[in-house]
Amino acid sequence: MTFSPPLPYSLDIETLQDDEDETLASINASFDKILQTTHEDYGRAVRAVHAKAHAILEGSFQVAGALPRELAQGLFASPGDYRAYLRISTNPGDILDDAVALPRGVALKVIGVEGERLPGAEGRTQDFVMVNGPVFTAPDARKFARSLKMLAATTDRAESVKVAASKVLRAVNAALGTIGLESTVLAGLGGAPQVDPLGETYFSVTPFRYGEYVAKFRLRPVGMALTELAGKKVMTKGHPNAIRETVREDMAGIDAEWAFEVQLRRDANRQPIEDASVEWKEDEAPFVEVARLRVPRQDSWDADRVRAVDENMRFSVWTGLASHRPLGGINRVRRGAYQHSADFRAAANGCPMHEPAN
Ligand code: HEM
């Protein structure tokens with residue numbers, strides 16, 4: 001099969017809106033309600049979204065050698081072997097029973113990368129943040145902010161802190177939109193059967209600069225150990241942290257491998273930059289492997305690693321190389337929103353965020 005050639009990156013592929021500062025302020029105000037509510041609830045600050053972690057893994061990120069020129073860009077320009085962390089999470093800002101059916105996320109931190117940094121990006125790390133679906137239902141940040149605000153406002157009328165958090169969370173879920181969750185599902189804690197997050201495929205959803213080109217990213221399980229976990233049901237009854245327990249059992253006995261893949265942009269209309277609700281179809285723009293994430297068997301809920309990564313680190317699409325600049329309005333707004341949430345955690349917990357060194 002032949003594909004159109006990849007389109008070049010240029011400054012003018014983004015279309016800035018006049019009201020992006022107001023949009024960010026509105027999102028942060030909504031997040032403040034969640035952050036403050038959950039802080040009171042748990043006695044410590046947690047992420048404004050993706051608060052619950054299921055596993056913290058450590059492994060190596062190996063960039064393939066001899067990639068064709070169009071794929072040998074940025075971090076992937078030359079072969080390499082980097083230490084990496086992976087945090088597996090669920091999207092609400094509240095820490096819920098695993099019986100609630102929700103989308104999953106992963107955050108990957110590649111350590112010790114060389115090259116020009118994004119503005120404000122400390123250290124020498126490259127973060128990738130992904131979820132287990134290819135699109136965001138809000139096409140742009142303004143629409144995301146509007147639904148978040150509307151639903152977050154119900155917090156004030158809620159009867160208890162816990163209910164308040166759940167209402168806001170429903171808003172976050174609806175707005176993040178990777179699911180069509182009805183409130184009754186959350187209320188009844190009785191969603192669809194849960195599956196093992198180790199068998200899922202994760203997407204960047206939004207586009208990024210890829211050196212001379214533009215791409216979306218994907219992390220796909222490869223090798224029997226992971227692929228046979230695809231769709232495997234997790235029994236949650238009586239186990240509020242069933243997913244964490246399942247992954248811990250799995251990871252004690254398997255060496256896990258994921259392919260890190262890039263999808264180069266090839267058609268300006270069919271693969272837009274500013275609308276995160278449009279899937280870039282694989283039959284028009286294929287995903288191709290450029291690196292492997294290898295995670296040897298280990299304790300996926302090791303107390304020291306959990307403290308270091310879950311509590312004292314942050315992951316952001318804006319932590320990384322200038323050659324992988326996040327693109328589009330959703331990504332532009334994410335810069336200030338992720339910083340805001342991490343600043344709240346650092347201040348409330350009295351511990352600054354750490355970027356790991358080599
Ligand atoms: C305007 C849109 C978005 C906003 C405002 C937003 C906001 C946030 C915030 C505040 C955090 C917590 C940061 C921290 O405390 O360290 C977070 C984490 C996360 N977000 Fe987003 N997000 C947006 C879009 C997306 C999209 C499109 C994806 C899909 C890839 C995504 C996936 C995730 C994941 C997986 C995490 C967990 C990161 C971790 O493990 O630390 N978000 N988001």
Side-chain angles (χ1 to χ4, degrees), residues 17 20 23-35 38-39 44-57 85-93 102-109 125 127-149 152 171-173 175-179 197 200-208 216-219 274-278 306 309-319 326-349 352-355:
Q17 303 297 321
E20 289 184 1
T23 300
L24 173 62
S26 162
I27 287 173
N28 281 346
S30 300
F31 280 152
D32 278 339
K33 291 194 176 150
I34 301 174
L35 288 163
T38 52
H39 182 217
R44 66 189 169 93
V46 297
R47 288 163 175 76
V49 285
H50 290 271
K52 185 169 188 177
H54 304 295
I56 305 292
L57 300 170
Y85 285 121
L86 190 74
R87 176 180 183 267
I88 305 180
S89 64
T90 287
N91 80 338
L102 292 164
R104 311 287 167 219
V106 293
L108 171 66
K109 195 177 280 293
T125 52
D127 291 358
F128 297 99
V129 179
M130 296 179 248
V131 288
N132 62 340
V135 291
F136 201 58
T137 51
D140 57 48
R142 194 190 295 147
K143 291 211 176 64
F144 174 79
R146 214 179 290 150
S147 42
L148 188 63
K149 184 176 174 190
V172 173
N173 289 330
L176 282 177
T178 38
I179 43 157
E200 296 289 277
T201 295
Y202 297 87
F203 301 79
S204 72
V205 172
T206 50
F208 293 79
K216 290 190 179 183
F217 304 124
R218 181 166 89 170
L219 192 67
E274 298 293 337
D275 187 342
S277 65
V278 175
V306 168
V309 179
D310 194 34
E311 297 177 15
N312 299 339
M313 265 181 219
R314 73 187 192 103
F315 295 82
S316 168
V317 287
W318 285 91
T319 301
L327 300 174
I330 296 268
N331 273 343
R332 289 191 296 275
V333 162
R334 282 168 98 185
R335 185 173 172 193
Y338 283 57
Q339 186 70 52
H340 185 76
S341 171
D343 286 350
F344 182 94
R345 291 195 281 132
N349 296 337
M353 294 288 135
H354 298 283
E355 262 327 296

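Below, each value reflects all heavy atoms present in this structure, side chains not excepted, and no hydrogens, waters or symmetry copies. Indexing begins at 1, ligand by ligand and atom by atom, following the structure's order.
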Atoms of ligand 1 less than 4.0 Å from Ala342 heavy atoms?
15 (O)

Residue Ala107 vicinity, atoms of ligand 1 by number, heavy atom under 4.0 Å
38 (C), 39 (C), 40 (O)

Just by distance, no angles: are the side chains of His39 and Asn349 close enough, under 3.5 Å, to form a donor-acceptor pair?
no

Nitrogen or oxygen atoms of Thr206 and ligand 1 under 3.5 Å apart:
no

Output the list of atoms in ligand 1 that are nearer than 4.0 Å to some heavy atom of Met130, sorted by atom number.
30 (C), 35 (C)

For ligand 1, is there an N or O atom under 3.5 Å from any N or O atom of Ser341?
yes

Do any N/O atoms on Arg314 end up under 3.5 angstrom from N/O atoms on ligand 1?
no

If you count the atoms of ligand 1 from 1 in the order shown, which ones are under 4.0 Å from a heavy atom of Arg345?
14 (C), 15 (O), 16 (O)

Within 4.0 Å of some non-hydrogen atom of Arg87, the atoms of ligand 1 are 39 (C), 40 (O), 41 (O)

Which ligand 1 atoms, with their elements, are less than 4.0 angstrom from a heavy-atom of Ala337?
5 (C), 10 (C)

Please work out, at 4.0 Å between heavy atoms, whether the side chain, the backbone, both, or neither of Phe31 comes within that distance of ligand 1.
side chain

Can an N, O or S atom be found in Asn91 less than 2.8 Å away from atom 21 (Fe) of ligand 1?
no

Could you tell me whether Ile27 approaches ligand 1 through its side chain, its backbone, both or neither, with non-hydrogen atoms closer than 4.0 Å?
side chain

Between Asp343, Asn331, Val131, which one has a non-hydrogen atom sitting closest to atom 29 (C) of ligand 1?
Val131

Can Lys109 and Glu355 be counted as an ion pair, charged N to O under 4.0 angstrom?
yes

Taking distance alone, with no angle check, do Ser89 and ligand 1 share an N/O pair under 3.5 Å?
no

